[in-house]
Structure formats: C-alpha cells, structure tokens
Amino acid sequence: MLIHNEYFSLRQIADSGQCFRMNRTDDMDGKESYYLIAYGRYLRLTQLDENTVMLGCSEEEYHQLWKSYFDLDYDYGRIISEIQSGDDEFLKKAVEYGKGIRILRQEAFEVLISFIISQNKNIPAIKNCIEAICACFGERRMSPDGAVYYTFPEPEVLASADKQLLRSLKTGYRDEYIIRASKAVVEGSLDLDRLCYCSYEEAVISLKQVYGIGDKVANCIALFGLHQIDGFPVDVWIKRVIDEIYGGSFPKEKYRGYAGIVQQYMFYYMRHLKGAL
DNA sequence: TGCCAGGCAGACA
DNA sequence: TGTCTGCATGGC
C-alpha cells in the first residue's frame, strides 16, 4: 500500500517522542524501514522517497485502521503554511526541519501507561521498560512475516499486576502509579473515551486526578492518547526552548486549535539542535 | 563515575 | 502559590 504525502516522514515520527513502539528495522533495498506495534497488530513501513511511504498492509486494513492512525485525513500543510506566513523565525525553522511529523491516533490506555513510565526517564529507557511490560503482561503473537511480538496489556491485566513484578521490569517508583491508573480505567473513574470528546482543559483536569499524573504527563496523554490537539506538554526540552528562545514565556494561545502540533515541531527541532537526535 | 532523563507527590515557607 | 527534596533506574 503506497501513500503519497508531502508531510509524512517515518523517521521524524519515530523520533518525535510521541510513540515508543515504532523502531527502525533492516532496510529494504537501501530504504529506511520501521516496524510498528499498535492496536494488537504489527506493521512494517518503508520510506521509499521523501513523499512516499509503503505500508505493509492490505488496502482494507489501511482504510480500517492505519489511515486514521497516521492522521492522514488532517491537512498538516495548512498548519505549516500558517506558521511559515507568520513572524516566528524559530518556529519557521522548526517546521522546515520536522514537517513530516504527524500526531498519531494511538490507543489511549497505552499512551496513559507509557507516559506515566516516561517521567524522569530518557526515551531509550522508556522503550525498554515498555517492551519488558508487554513481554511480561501482553499477548504473544506472530506477524505475517514471522516476527514474534507482544501486544500492549489490557487495563484489567495491569490493574491486577503484582507490584514487585512490575518493579522488576524497571518501572522504579512508577509501579504504584501504573497500577492505580489502570484501576481507575477498569473501575470507570477515568473514562478515556469520554475525555476524547470533552474540552482539552477538562481532559487535563480529569487526568490529573489520577495519582502519579501531573501537568506534563496529563498534557502528553491528552495530545497523544486523546488527540486533544491543544495539549501542550512542557518537558525539559520545551522548557529549554521557552527559556532560550522565547525569554521565559511562549504565546501558545496564538496557536489555538493546533498548539500540540507546534509543540512537536519545537521539541523535535530543539533535540536536533542540542545533538540528541 | 556522574549527570541527565518527555516528572511527580509531599513538605514547607 | 512557589520552591525544594526524595524517589528508581538506565543511557551516555
């Protein structure tokens, strides 16, 4: 299945820090290839050229799942044009550098747990920890080309997980956070489906009721798990941008309706400038 | 070996 | 309301 889109870069999405189960694999005919595990499935992807991505799935599966997953109905070009016609020179450079980033429509529960794990960890450590949890608590499956993979565990499984076992998977002090957030989902006090359709502000407030979720993680979950595009997570990298480029305050209200996309361009570009990519 | 990482809760002023 | 401090642990 071939996708032609000017704003669709596998490398930029994989390195944008929004998903942790999309990784580089053996190249295909010298072209960058990735594998992705999401919604219980395994997908192989190859960047054929700057504007063309090949998805290893049928047309039916693409329309059923992956088209939405990669947010391919959304016009990122319009956002980029707006930024490029503005007067923010840093943002213009950030957009030019990361214009292939898209905000994925990931499973909310997976994002909830992944970003609880993410706190005070670097991205490689987060990935390792999530894979360990999937291998321990997920379902073992095999892809059509014979690769073994594990699904992300269901809320009920993590809600009743043994704390010491979780701790042994390098979750550290976050073990209790994971169990309590999973229980909140199972018991219904945290209704992730509902939070997709309420306001961004209400979603963040609700998420912060959960023990272990603060402002930053709540914004990540809102943006990456609920597709609340006004989510604007401020982590150490965005703090650097705000302090070093904007003198301590960033006017995110100027970007109402797509602030989260702007945040991703800034995050990705700052990591590049500081040599973290 | 030491610093840093997509932070948070709790204590305290 | 704002500012510490302790917390686990891997990556570099």
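Residue numbering restarts at 1 for every chain, and letters A, B, ... go by the order of the sequence lines. No experiment lies behind these values; they were computed from the predicted model shown.
Within the nucleic acid shown, A/I238 comes within 4.0 Å of at least one base atom, counting heavy atoms only. At a threshold of 4.0 angstrom between heavy atoms, the contacts of A/G17 include nucleobase atoms, whether or not backbone atoms are also involved. Looking at heavy-atom distances under 4.0 Å, A/R167 makes contact with sugar-phosphate atoms alone, never a base. Residue contacts shown for A/K216 include a base, since a base heavy atom lies under 4.0 Å away. A/Y211 comes within 4.0 angstrom of sugar-phosphate atoms only, judged by non-hydrogen atoms across all strands, and of no base. A/Q264 comes within contact range of at least one nucleobase, with a heavy-atom separation under 4.0 Å.
Other residues, nucleotides and ligands contribute only 12 or fewer heavy atoms inside 6.0 Å of the CD atom of A/E154. By the 6.0 Å contact criterion, NZ on A/K252 is enclosed, its count of non-hydrogen atoms from other residues, nucleotides or ligands being greater than 12.
If you take atom P in B/dG6 and the same atom in C/dG6, they sit 23 Å apart, rounded to whole Å. Using atom P as the reference point in both B/dA11 and C/dA8, the two lie 16 Å apart (nearest Å).
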Verdict with reasoning, A/D145 to A/Y35, per side chain to side chain donor-acceptor pair (under 3.5 Å): CA-CA 12 Å; A/D145 57 355; A/Y35 71 90; over 6 Å; no
Applying side chain to side chain donor-acceptor pair (under 3.5 Å) to A/Y34 and A/E32, what does each step give before you reach the verdict? CA-CA 7 Å; A/Y34 293 79; A/E32 278 188 20; 2.9 Å; yes
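A distance of 6.0 Å or more separates the ring centres of A/F70 and A/Y7.
Residue pairs that meet the side-chain hydrogen bond (donor to acceptor under 3.5 Å, both in side chains) test with at least one member in residues 159-170 of chain A, sequence neighbours left out, are A/K163-A/E176, A/R167-A/D175.
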Quick test: give all pairs of protein nitrogen or oxygen and nucleotides 11-13 of chain B nitrogen or oxygen below 3.5 Å, distance rounded to 0.1 Å.
none

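Distances shorter than 4.0 Å separate none of the side-chain N or O atoms of A/R271 from OP1 or OP2 on B/dC4.
Between the side chain of A/Y173 and the base of B/dG7 there is at least one donor-acceptor pair of N/O atoms closer than 3.5 Å.
Note that the first and last nucleotides of DNA chain C, 5' to 3', having any atom under 4.0 angstrom from a heavy atom of chain A are C/dC7 to C/dG11.
Contact check of residues 224-234 of chain A against DNA chain B (heavy atom, cut-off under 4.0 Å) returns A/F224, A/P233. Contact check of residues 109-137 of chain A against DNA chain B (heavy atom, cut-off under 4.0 Å) returns A/F115, A/S118, A/Q119, A/N120, A/K121, A/N122, A/I123.
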Note, DNA chain B 5' to 3' with Watson-Crick or G-U pairs under 3.5 Å encoded as ( ), [ ], | and . gives .||||.|||||||
